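Atoms within each ligand, like the ligands themselves, are counted from 1 in listed order. Residue numbers start at 1 and run along the sequence shown. Given the structure is predicted, the values throughout are model-derived calculations rather than measurements. Below, each value reflects all heavy atoms present in this structure, side chains not excepted, and no hydrogens, waters or symmetry copies.
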Amino acid sequence: MEYDVVIVGGGPAGLSAAIRLKQRAQEAGVELGVCVLEKGSEVGAHILSGAVMDPRALTELIPDWKEKGAPLDVEVSEDRFLFLTEAGSK
Ligand SMILES: Cc1cc2nc3c(=O)[nH]c(=O)nc-3n(C[C@H](O)[C@H](O)[C@H](O)COP(=O)(O)OP(=O)(O)OC[C@H]3O[C@@H](n4cnc5c(N)ncnc54)[C@H](O)[C@@H]3O)c2cc1C
């Protein structure tokens, strides 16, 4: 099979590159075949779960991700940085 662009790796970088390319092609009215090759059993198989992420980049890429039902359920409300010592934390 022939594609215009082949992206190796279906992690955040590869997936966003593929999505952005397709968005740009659609805006320009151009047909662009994009293929993402992932060595995991499925896209996301090598992504760790339970991640805390800054959604800025996702918002730039897909502004309506909330309406589309992206599974980002809990908003971060507090951020603390602790050094753990033998006696406790500081
Ligand atoms: C333990 C840990 C915890 C983390 N926690 C967080 C967090 O909470 N929040 C956060 O924002 N970030 C977190 N990160 C960082 C985050 O995972 C990375 O920044 C992000 O995954 C990088 O995306 P990427 O697309 O560059 O690479 P990756 O996510 O590594 O994607 C690369 C993909 O390419 C595939 N691949 C590799 N070689 C080939 C090949 N030859 N052929 C086909 N496919 C291939 C791999 O299977 C993988 O799916 C964490 C990282 C680690 C290690």
From Leu15, Leu61, Val34, residue fulfilling side-chain contact (heavy atoms from CB on, under 4.5 Å) relative to Arg20: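 Answer after filtering Leu15, Leu61, Val34: Leu61.
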Determine whether the side chain, the backbone, both or neither of His46 has a heavy atom under 4.0 Å from any heavy atom of ligand 1.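 The answer is the side chain.
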Just heavy atoms, cut-off under 4.0 Å: does Val8 contact ligand 1 by side chain, backbone, both, or neither?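 For Val8, only side-chain atoms sit under 4.0 Å from ligand 1.
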Got an N/O contact under 3.5 Å between Met53 and ligand 1? no
Does any N or O atom in Ala13 lie less than 3.5 angstrom from one in ligand 1, N or O only?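 In this structure, Ala13 places an N or O atom under 3.5 Å from an N or O of ligand 1.
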Heavy-atom pair with the smallest gap, counting every atom of Ala18 and Val36: CB-CG2, 3.6 Å
Residue pair Asp4 / Glu31: nearest heavy atoms and the distance that separates them: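 The pair with the smallest heavy-atom distance is OD2-O, 4.0 Å.
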Look at [atom] and find which of [options] reaches it with the closest heavy atom.
atom: atom 29 (O) of ligand 1; options: Pro12, Ala57, Ser41, Ala17; result: Pro12
atom: atom 8 (O) of ligand 1; options: Val52, Leu15, Leu37, Asp54; result: Val52
atom: atom 28 (P) of ligand 1; options: Gly40, Gly44, Gly11, Gly9; result: Gly11

Inspect the surroundings of CD in Glu27 and state if more than 12 heavy atoms from other residues, nucleotides or ligands are less than 6.0 Å away.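 Count over threshold, so yes.
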Close side-chain approach of Met53 and Leu58, heavy atoms under 4.5 Å: yes
When rounded to the nearest 0.5 angstrom, what is the spacing between NZ in Lys90 and OG1 in Thr85? 6.0 Å
